[in-house]
Structures are given as structure tokens and as C-alpha cells.
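Everything below concerns the one structure shown next.
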2 protein chains.
Amino acid sequence: MAIRPAEQLIHKAAWLYYAHGLRQDEVATQLNISRASVAMYLRKARETGIVNISTSTQLFTDDVMARKLEDALGLDAVWIAPANAYLADPSTDIAVLAASVFLELVKKGDRIGVAWGRTVYTIADIMSFADLQDVTVVQLCGNLGAPYSYRPDQCTMEIARRLNAKGLNFYAPLVLSTEELAKSLRAEPVIREQLAGIGDCNLALFSVGTVDADSHVVKCGALDPAEMAALRGRGAAGVIAGQIIDVRGEALDCSYNRRVISAELGSLRSIEKRLMVVQEDTKFEPLLAALAGGLCTHLVIGAHMAERLLEQAGEAGKKAS
Amino acid sequence: MAIRPAEQLIHKAAWLYYAHGLRQDEVATQLNISRASVAMYLRKARETGIVNISTSTQLFTDDVMARKLEDALGLDAVWIAPANAYLADPSTDIAVLAASVFLELVKKGDRIGVAWGRTVYTIADIMSFADLQDVTVVQLCGNLGAPYSYRPDQCTMEIARRLNAKGLNFYAPLVLSTEELAKSLRAEPVIREQLAGIGDCNLALFSVGTVDADSHVVKCGALDPAEMAALRGRGAAGVIAGQIIDVRGEALDCSYNRRVISAELGSLRSIEKRLMVVQEDTKFEPLLAALAGGLCTHLVIGAHMAERLLEQAGEAGKKAS
DNA sequence: GGCCAAATTTGACTTTTGTCGAGAGCCGTG
DNA sequence: CACGGCTCTCGACAAAAGTCAAATTTGGCC
């Protein structure tokens, strides 16, 4: 044969196969070589970039970004609510998407852990009804004593109602005044059972809170702004199911956390599917902390947040290499 | 906004398969669907252009003959589709090549002028999808009143659709019954604007037509066979964007040309990259005329035509010297 | 609420593709 | 001129992908 058949033949094989849609054996016949060689040429063609296989980028920006985030963060699934410039409130968008996603994740016979917060309540509120059999919705954290708009038990019950599921509420306050009391309460059979049951969940729905004066734990009176500031100084990065986490996504070692009645992060992590929803762009650091701690497997965020996250992941990747 | 499970899944499947190189059964496991569904999703992904497979057309310009033609004709680039005796239809070959070449020439932000004809429509039809940003496809000539298979607006819209570009149609017939009417129509703001916009294009795609009874302008009723024969006697050598050109590649001085609403040859020539595609061997004379007029800068032809062209050029060179 | 049509999904089957070791051709070297 | 080392090629097998009819689900409609 010729001196350097490689390049020319690779091109021709690639052309006939990819542009003309011929089968490999047809290409082999055309070029008078064996089909095995054709297969090899085609691999080389792909390797050297003579043929280019790319997934669409502009037309499905959000989908592509979601796939990239799944890869970068090691999550099972990411959904991104598109940035609709014309919509006044993008957070509603996220909640609507989250509700759809949540309903898709629920299967009959599931046991679902639900945390509390404005985000979760919004989702519950717009969620459509579904008649699922044999579903249980359990509350992931204790209740707030003070009257507050988005109470944990409300979130649980509303979601249970919409799913036609059984709701299991926590009969304890979220936070107690002393560590001893919290400890004793946790030891109570009713409470202990409830806490133990969290590990049996196979789906969880929660958001992540900020650690500033606007935080829900502050607004509901569980912590006062000064305490929160102090905790922030000691490494608090976010709030998950009423507990303070640090940048690594681990429970912060502090009195407050010890006084809280809530799902341990460990039992949370043992839940198979953990859907976290973040609406506000201000929750970037808390989101990072939660991700660092591997607290969620499924994520719903807005396009803007997705971009920031991807940038961050890119930088982290650069540093690592 | 509701989530579209189908599109999401298609995209995710395509991503895992093409970007990650997973096998179809692995993708199926990941997405909890059957492998057969994955296969179907992937076909849809290819069909809708979510994934894009393109091959380099380098091979066809690297050809020795292509180089010679570039030199002899003073063109920027020539692609030659090899004469594949075994392939059923060599003209398909040319169209496939032309489509690839065209896609390689298009850059984001481009403004593309598209003429009409069987060749152009064939190219549009087999062209793969690409989602380019900020691309506009403009129609180079008026529409055909009569119902005819390869209408100018169809060519424009189909190409625009495949490129995810904006399509700009001409709201005028290709040819009018009187010169006066054509003149008045050209003066209409809408039309004038469109005609002026042609000069802003930086890429054009067109073919060249014959001047016999089989010509498109005859078949679509713009001219009757007798008129065409008469024009031929007066020096008509080809048809470009609905206009009759003589052997020098200039617009023939005739009533028909004055009654046509189309891109002036001058504005056509002011377009930076002008890709001409010729499929049929019968179009040799029209091709020569178009080349003489410097109407194209990039050329896609078949091997047979290339040979004839090279012979011709050789003779011309001899005569000149 | 129940029914029909359309679309989707599946399992089983066929076809196509990827891969591997064996063998053939080529070339510089001893 | 014979010899290994080298790459390229082939045949055969295993793996993967494509296909199709049947079953199931979905969604619209009365």
C-alpha cells in the first residue's frame, strides 16, 4: 500500500461513516480494507478530532450546566431554573421547579423527611396534589415555640396533605434552654423513636439557611443576633434542619447545636435521595458548606447560582491540579 | 415553568453517552429506564441536534486538484467530492460535503445570504443542526409565486432553523410582470431595506442554474421556454439568485433581469465569503460564467467537474500566454 | 368517571461494532 | 541475506447498539 495511508484513509473512513452514514462493513468494502481496520480508523478519527462529537451548548444552556454541575459536585441530579428576565420573581420559578422535581422523586411506599423554612413552605404551598399510596412524611427537626409563619409542623403536614400521605410530627421544640434538658428529651421514647425513624427515610426535602441576622433561627427567636454573630465568628457557615454547620458541612461544635432537637447530620446523610433547594442568591456560602458536607444528592437552584457554583468548582479544580 | 421530562432525559442520556462515554446499558441504569429507551433517546438527540457530529472537510481541500483549481481560478478555497462510482448518487455526495463545508464556514454573529434552488434546498435538508449564537439568515432573492418544491423562503427558513438562527424572508415575488412595478417595489422601504441588508452579509450560499428549458426559472414559471431560448441567443449563460448572467458573469441586459427582485450582483460580490455549490455536470457553462464574473470565492464541486474545469483553465492559460 | 387514541416503554431479537491475538509486510542492522 | 523489531491488517468472537411488535401508560374527551 501507500507510504502513509493512515491520514488519508482515516479521513475517508470517517467521512463515509459519519457524514454519509454508511455502515462499517460498507466503508470497508469501499476502501478495500477489513472492517476491523475501519473500526480502528474511526477510533483514531475520534481521538485526533477529525470528527467532532459535541453536545449542544447554547440551545440547552441550563441542561448543559446542570450536567456539568452534576459532574463537578458529584451529585446524582441537578435542576436549574432558567433565568427568566421578564419574571419579576425568579425564586417562585425555583420553587415551582423544585415542587415538580420533588413529586417526581416520590414513589409510593416512600418515607420522606421534611425540614422547615420559607423555601420548603413555599414548595409545599405550590405543590400540586398527588395520590400516593403508603407514603409517610416525617418532620426532620423540632418545632419552633414562637408563633412563626413557616413552622416545621406546618411544612410537614401541608406536604403530607398534598401527597395524601401520613404526617409524623415532632412533639418537641427545636431548641431548648439547656443542653441537659435537650439530652433528656432526646432520651424520651417518643422522641428517640422519631429521631431513629429519620434514618429509615429514603427521601429528604430541605433548604439551607444563612447565618446572619436575617436567618430563620434568629427570626424565630431560637438565637439572638448577637449569639449568631458570635457563632459566625466561630465558623458557622449555614443552617440545615435547624442546626448550624461549618464550611466543611459538619455540625459546628457549639452549645446551640447541643440544645437542638433535630435530625443528626449523620442520619440525614444516610437517606438515599436528599433534595436540597436554594432560592436566594445570598445563600451561596451556606450552599457551598452544605455541598462540602455531602448533605444533598439532588439539587435545585437558579441559573445565576448555578453559574457562580460552576465558576467556584472550576477554580477549585484548578487549585487541586 | 413546568419541567419537560422528555427533553431533560434526552439531554441527560446524550450527555452521559457522548460526553462521558458510558455504554447504553450504563446510561439506562443511571436513569432507571430500559436500554431500548436510551437507544431511542439517543436517536432523538442526534435528530434534533442536541448532539452534533461533524467531520473535518480538510481531506477535500488537501486534494492536489483542489489546490490547482484554487490557483487557476483565483479562489479562496475549493472542495472536490471524489467520484465514488459505487455510491448510488454522486450529487448527494456533493451536497453532504457542501453542508459540512458550509457549517465550517459559519461563525457566530454571521449574517448569511441564501439563494434558492434544488441544490441549496438539498443542502439545507441534509445539514446537521448547530446552535450558533446571533446568526441571521437572509433571503437573497424574491419568492416564487407558483407553488414549487424548492421555494426561496423554504431554503432560508430551513437553514435558519438548523443553525438556530434568525431567518429574514423577502416579502416580494422573484419576478414581476412589468419593469415599472419591479422598480416601484424595489423602492418600497421594506424591500429596499432588505436589499441593502444583503451587502452586510459576510457569507453567502448559492448555486448556479442552467439557461435551458430545465432551468428552475422556467420550471417555476418565471420565464417560458421560448423566452429562455431567446435570452440564450442573446448571451445568457447561467442563473444566479434568479438573475440571468452572461458568459462574463455580468447581469444580462434584458427585460427579465429588470423585472427581478433579487440581490444585485454587485452586492453579492461585496460579501466576503461566497460559497457556490454545483452538483450537476450539465452546469459546466453556467459555472464558467459565474467564475468569470468572480461571483464566488469558495467552491464545492464533483471530481468530474473539477477535471473539466482544470482542462479548461489549462487551455485558457495556454491561449493567454 | 370511563373510554379511546397516541405516545412511551419494554423485552426479545437481529444487526452492527469493538477488541484481541495471530499473522503478514516492511526496514534497518548485523 | 537472514533476523528481530515494528507497525499494520485480518479473522473470529464478544459486546454493544438498533429494531420491532406488544404492552403499558398518558392524556384528551365525552
Nearest whole angstrom, please: distance from the P of D:dT9 to the CG of A:Leu31.
11 Å
A:Met40 CE to D:dC8 C1': how many Å, rounded?
7 Å
Derivation and outcome, salt bridge (Lys or Arg N to Asp or Glu O under 4.0 Å), residues A:Lys44 and A:Glu47:
CA-CA 5 Å; A:Lys44 279 194 179 171; A:Glu47 280 167 5; over 6 Å; no
Which of the following nucleotides, [options], is nearest to the side chain of [X]?
| X | options | answer |
| --- | --- | --- |
| B:Ala39 | D:dT9, D:dT19, C:dT9 | D:dT19 |
| A:Arg23 | C:dT17, D:dC10, C:dG11 | C:dT17 |
| A:Lys44 | C:dG11, C:dC20, D:dC8 | D:dC8 |
| B:Gln24 | D:dG18, C:dT19, C:dT10 | D:dG18 |

Return the NZ to OG1 distance between B:Lys166 and B:Thr136, rounded to the nearest 0.5 Å.
4.5 Å
Look at the side chain of A:Arg111 and the backbone N and O of A:Val138, then say whether any donor-acceptor pair between them is shorter than 3.5 Å.
no
With heavy atoms under 4.0 Å as the rule, sort A:Arg43 into base, sugar-phosphate or nothing.
sugar-phosphate
Classify the nucleic acid contact of B:Leu42 as base, sugar-phosphate or nothing, counting any heavy atom under 4.0 Å across all strands shown.
nothing
On the 0 to 90° scale, with breaks at 30° and 60°, tag the A:Trp15-A:His20 ring pair as parallel, tilted or perpendicular.
perpendicular
It should be established whether A:Arg46 places a side-chain nitrogen or oxygen under 4.0 Å from OP1 or OP2 of nucleotide C:dG18.
yes
Polar side-chain contact A:Arg35-C:dG18 base: donor and acceptor under 3.5 Å:
yes
